[in-house]
Amino acid sequence: MAEFTELSEKIAKIKNEVQDELSKLESSKSVYEYKKNILDGKTGLIGSLMKQMGKVPNEQKAEYGKKVNELKAWAQNHFEELDAKLKAEEMRLRYESEKIDVTMPAVKNEKGNLHPVTQVRNQLTDIFASMGFDIYEGTEIETDYYNFTALNTPQDHPARDMQDTFYLSPDFLLRTQTSAGQIHVMEAKKPPIKVVSPGKVFRSDDDATHSPMFTQMEGLVVDKGITLCDLKGMLDEFVQKIFGKGTTTRLRPSYFPFTEPSVEVDVSCFQCHGKGCKLCKGTGWIEVLGAGVVNNKVLEGCGIDTKEYSGFAFGIGIERVAMLKYGINNIKQLFESDLRVLKQIDD
Ligand code: PHE
């Protein structure tokens, strides 16, 4: 009898204890843990109560069992109730933190674009490739021979003064012109030759339209019966592709040691179409490149029979084309990487 009373009191105590403990639980996870412990058949406060049955006198066993089961059911209910309440609150907080405001302005996804010089270089390469030219990329360090001597510009030739050269040693220099590539190409390949060669060149020169490093694209065609007319025809086609339909060219006599005759090539102003504007300084024409018929001395130096073959060559300044096309008046703007300038140029 004494055991039964004791056990009944224990049950009441456990109920209070559990109620107390439940009011302290703050997460569904802690409810789950607590519930597991309390109802554990071996060690749990409630779960182990049935094991006490042996101590209960027979006539009270039924009542004891009922009380334990009631307590169990009560606890189950309370666990479930609290679990549902906490889970609902947890869900609410989760929704709150993961809420997306679809009306918020999107984070701007900055898009990069190629540098204007790269854009023009790619455009030129594409145009010449479409006209059947191969691409040859030379090296930025050259020997004096390839940059000058083989281009009919021996030591002490006055034309060497046309380009202020960065010498690395008496024999090696930073190429001043992509024309050096002409010689490499003609040494490596027999005519017919039809090649363009883009790349960086270097001259000790620095003002609003000149930079110590700039980019050129060389062109060389060697075949049977090539004349200045072929050059002019090819250029007329080319300038329309780069500057727009209707653009024409004009050749003016010039001098380069490696071409004979040599010409300076102007294009009709693609802004005012010849009427005269700021871009063409009122003349209707804009100077864009140097060119000419390859000097026989250069061909012969490369072992090409000048009785059979002739050629033309041209050299175009890529920064100059970029400046003209995009209205940039100081070459430095192409090297300062000012995003306000660069972002405006995306062809
Ligand atoms: N190499 C010359 C220069 O840099 C340009 C040129 C190339 C002229 C090919 C004629 C033929 O000024």
Side-chain angles (χ1 to χ4, degrees), residues 117 121 124 128 133 135-140 142-154 157-166 173-186 193-207 209-223 226-235 238-239 249-267 286-299 301-302 304 310-321 323 331:
V117 170
R121 180 183 157 150
L124 294 178
F128 286 114
F133 283 78
I135 316 287
Y136 167 81
E137 284 194 70
T139 53
E140 289 166 15
E142 264 300 353
T143 61
D144 185 274
Y145 175 80
Y146 284 97
N147 194 79
F148 287 126
T149 309
L151 288 161
N152 189 34
T153 322
H157 192 289
R160 286 213 181 193
D161 295 342
M162 286 164 80
Q163 301 167 0
D164 265 323
T165 310
F166 291 113
L173 46 79
L174 294 179
R175 69 175 170 196
T176 61
Q177 50 190 354
T178 43
S179 304
Q182 288 187 30
I183 308 302
H184 288 289
V185 170
M186 287 190 281
I193 290 169
K194 200 173 176 188
V195 73
V196 283
S197 180
K200 288 184 178 133
V201 299
F202 305 83
R203 292 180 199 178
S204 181
D205 209 350
D206 200 4
D207 60 34
T209 52
H210 296 90
S211 154
M213 185 283 288
F214 62 106
T215 325
Q216 282 189 330
M217 185 172 283
E218 192 81 6
L220 174 71
V221 174
V222 182
D223 205 345
I226 295 289
T227 70
L228 201 64
C229 285
D230 297 302
L231 171 70
K232 167 94 170 130
M234 189 278 303
L235 287 174
F238 158 70
V239 295
T249 61
R250 173 176 87 170
L251 308 186
R252 282 181 293 110
S254 185
Y255 175 75
F256 299 103
F258 37 90
T259 45
E260 181 57 39
S262 301
V263 291
E264 211 67 69
V265 181
D266 296 342
V267 294
I286 304 170
E287 185 187 320
V288 288
L289 56 100
V293 172
V294 182
N295 194 316
N296 277 349
K297 285 191 188 156
V298 175
L299 294 177
C302 296
I304 293 174
S310 56
F312 68 71
F314 58 92
I316 187 163
I318 295 184
E319 281 78 5
R320 173 142 176 83
V321 175
M323 288 167 77
I331 194 169

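Values reported hereafter were calculated over all heavy atoms of this structure, with side chains retained and with hydrogens, waters and symmetry mates removed. One-based numbering, in listed order, for ligands and for the atoms of each.
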Atoms in ligand 1 with a heavy atom of [X] nearer than 4.0 Å:
{"X": "Ser179", "value": "1 (N), 7 (C)"}
{"X": "Gly290", "value": "6 (C), 8 (C), 10 (C)"}
{"X": "Arg203", "value": "3 (C), 4 (O), 12 (O)"}

Polar atom proximity, Gln182 to ligand 1 (N or O, under 3.5 Å): no

Short N/O distance, under 3.5 Å, between Thr176 and ligand 1? no

Note: Phe258, heavy atoms under 4.0 Å from ligand 1, region reported as side chain

Tell me the contacting part of Ala291 for ligand 1: side chain, backbone, both, or neither, using a 4.0 Å heavy-atom threshold, strictly below. backbone

Qualifying residues under salt bridge (charged side-chain N to carboxylate O under 4.0 Å, His left out), relative to Glu260, sequence neighbours excluded: none

Would you mind telling me which of Asp164, Thr176, Thr165 makes a side chain to side chain contact (heavy atoms under 4.5 Å, CB included) with Ser204? Asp164

Do Gln182 and Glu218 have side-chain atoms, one donor and one acceptor, less than 3.5 Å apart? yes

Could you list the donor-acceptor pairs under 3.5 angstrom formed between side-chain atoms of residues 290-299 and any protein atom two or more places apart in sequence or on another chain?
from, atom 1, to, atom 2, distance (Å)
Asn295, OD1, Lys297, N, 3.0
Asn295, ND2, Pro257, O, 3.0

Would you mind checking if Arg175 and Glu137 are paired as a salt bridge, meaning a charged N to carboxylate O distance below 4.0 Å? no

Test item: Val185 and Val222 side chains (from C-beta on) under 4.5 Å apart, heavy atoms: no

